[in-house]
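In what follows, chains are A, B, ... by sequence order, proteins preceding strands, each numbered from 1.
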There are 2 protein chains.
Amino acid sequence: MDHTKPRTDPRIVRTRQLLKDAFIDLLEEMEIEKISVNRIAERATINRVTFYLHYRDIPDMMDKMADEMVEDMQRALDESPPIDSDRGDSLILLNLLEHIADNAKFYKVILGSRRTPVFTERMLKMLSDSVKRRIEQFGMNDSMVDAGIQKDVAIWYGSAALIGTIVAWLRNDMPYTPTYLAKQFTMLRAYPQWRSTEGV
Amino acid sequence: MDHTKPRTDPRIVRTRQLLKDAFIDLLEEMEIEKISVNRIAERATINRVTFYLHYRDIPDMMDKMADEMVEDMQRALDESPPIDSDRGDSLILLNLLEHIADNAKFYKVILGSRRTPVFTERMLKMLSDSVKRRIEQFGMNDSMVDAGIQKDVAIWYGSAALIGTIVAWLRNDMPYTPTYLAKQFTMLRAYPQWRSTEGV
DNA sequence: TTAATTATCTAACACATTGTAAATTAAGTC
DNA sequence: GACTTAATTTACAATGTGTTAGATAATTAA
């Protein structure tokens, strides 16, 4: 089999980049309901017909952008050092947080927008898969097992807490450094979270 | 001032109910992008023009439905007994979970749909306000304060974990009873969640 | 029960958006 | 420089949007 990739035509790269940039641009300015293929093409200075040569429709474009986002995030996670130190867990997350901070404009628009759930959905899936793998590899905390906590509930809880915190962090214009936030995660996991008289 | 409410015309009640039911119906069948005012009116056996007598457009309709949803949820929370027993916290949540279970069809469609973030957004806001009020009333756990956990991060983390777990519970067709899930919440808050070698 | 009120329906309109097609021009590859 | 492929232009039918004006039906008040 020939795996020499054909090196895509620069025109394709250029067009897709222009379209994606235009989309992010528009998302900053208006609700997604108001964004049409017309507007995207106009903003990208690309003919509308050309849009359809690359994407079936806007949701299809968003799907593909979400694919790329997840790939980037996964790459950031994979670049992390192996877990060996006792602070390994926060270090892994740190790389992800730093990757997000480095591309803050993109992530703030895409994850912070109130009407683009595709992206948060995909990120949630990635993180919960990741949490799941680790739980299956290492098992749960003994005290959790003893207490009768269901594995799937722990996965739902943990991954939702992660992504929700990251999204809130972005929406609030990242008031903490990635390092500081990563430490907060470690502590939130390490300490019981509420007194018995609290909670919703 | 005269506060005798004018008792809304039954035709208005009927029409709005038909429109909302039709919308939920369609959301079960197709992605929101494919739902038009045309289709909603047709399914509701209501003239399309009549739709515009009640709502400005589809997002406006969703906003109003989200308002009503939050009102219902808040009512369920308010009906809860005051916190006096040492299991008070899980009992409060229990009423919310039971309310959701009682209206499972509606909530599964509305919160489970991958493209209707308005509703999860609003629920997140309500829950995080609720978590915030309690934290401000009772303060955080001493061990959390000592560890230097930020109040806002704790709020983000806790409310995102709550809503994410509830949404996952719905999407998985509620494999646990409300009571059981409420207990899981209590335990997840009471025990450290990961060993030091775990986490994303 | 009748009269007044108000919600819904009908038909029509201008306009935007969608998705596709065929022929032409421009850019990139070999 | 010849070949290949991407992007453009122009055009089209179909669908959706939001609004208007007048007719009809249901509700309420006298």
Asker: Who are the side-chain contact (heavy atoms from CB on, under 4.5 Å) partners of A/Glu42, not counting sequence neighbours?
Answerer: none

Asker: Taking atom P of C/dT18 as reference, at what distance in whole Å does atom CG of B/Asn38 sit?
Answerer: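 In whole Å, C/dT18 P and B/Asn38 CG are 16 Å from each other.
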
Asker: Taking only residues two or more places apart in sequence, or in another chain, which ones meet B/Leu19 in a side-chain contact (heavy atoms from CB on, under 4.5 Å)?
Answerer: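 So B/Leu19 forms a side-chain contact (heavy atoms from CB on, under 4.5 Å) with B/Thr15, B/Ile40, B/Ala44, B/Ile46, B/Phe51, B/Tyr55, B/Met61.
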
Asker: Let me test you: for the helix from C/dT1-D/dA30 to C/dC30-D/dG1, what is the angle between the axes at its two ends (five pairs each), rounded to 10 degrees?
Answerer: 40°

Asker: Can you measure B/Phe51 atom CZ to D/dT17 atom P for me and round it to whole angstrom units?
Answerer: 9 Å

Asker: For A/Glu28, give me all partners under salt bridge (charged side-chain N to carboxylate O under 4.0 Å, His left out), at least two apart in sequence or on another chain.
Answerer: A/Lys105

Asker: Could you give the CD-to-P distance, from A/Glu33 to D/dT17, as a whole number of Å?
Answerer: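 It works out to 12 Å between those atoms.
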
Asker: Atom CG of A/Asp60 and atom C1' of C/dG19: how far apart are they, to the nearest Å?
Answerer: 13 Å

Asker: Between P on D/dA7 and CD on A/Glu42, what's the gap in Å once rounded to a whole number?
Answerer: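 So the two atoms are 19 Å apart, to the nearest Å.
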
Asker: Show the atom names and distances, to 0.1 Å, of all donor-acceptor pairs under 3.5 Å that link a side chain in residues 96-104 of chain B to residues at least two apart or in another chain.
Answerer:
unit_1: B/His99; atom_1: NE2; unit_2: B/Tyr107; atom_2: OH; d: 2.7
unit_1: B/Asn103; atom_1: ND2; unit_2: B/His99; atom_2: O; d: 2.9

Asker: A/Asp60 vs A/Lys64, test: salt bridge (Lys or Arg N to Asp or Glu O under 4.0 Å). Steps then yes/no.
Answerer: CA-CA 6 Å; A/Asp60 179 54; A/Lys64 294 194 166 133; 3.3 Å; yes

Asker: If I take atom CG in residue A/Asp57 and atom P in nucleotide C/dT18, what distance separates them, rounded to the nearest angstrom?
Answerer: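 Spelled out: CG on A/Asp57 to P on C/dT18 is 9 Å.
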
Asker: Quickly work out the B/Met61 CE to D/dG18 P distance and round it to whole Å.
Answerer: 14 Å

Asker: For B/Asn38, check side-chain hydrogen bond (donor to acceptor under 3.5 Å, both in side chains) against everything at least two apart and list the hits.
Answerer: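 Once residues adjacent in sequence are excluded, B/Asn38 has no partner under the side-chain hydrogen bond (donor to acceptor under 3.5 Å, both in side chains) criterion.
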
Asker: Tell me, please, which residues at least two apart from B/Glu136 pass side-chain contact (heavy atoms from CB on, under 4.5 Å).
Answerer: B/Lys132, B/Lys151

Asker: Could you give the distance from CD (B/Gln150) to CD (A/Gln184), rounded to the nearest 0.5 Å?
Answerer: 5.5 Å

Asker: With sequence neighbours excluded, what pairs up with B/Tyr176 under the ring-ring contact (aromatic ring centres under 6.0 Å, His included) test?
Answerer: B/Tyr180

Asker: For nucleotides 4-13 of chain C, give me one character per nucleotide, 5' to 3': B if any protein heavy atom sits under 4.0 Å from the base, S if the only such contacts are to the sugar-phosphate, - if neither.
Answerer: --BSBSBBB-

Asker: Would you mind reading off the distance between A/Tyr55 atom OH and C/dG19 atom P, rounded to a whole angstrom?
Answerer: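 Computing the A/Tyr55:OH to C/dG19:P distance gives 15 Å.
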
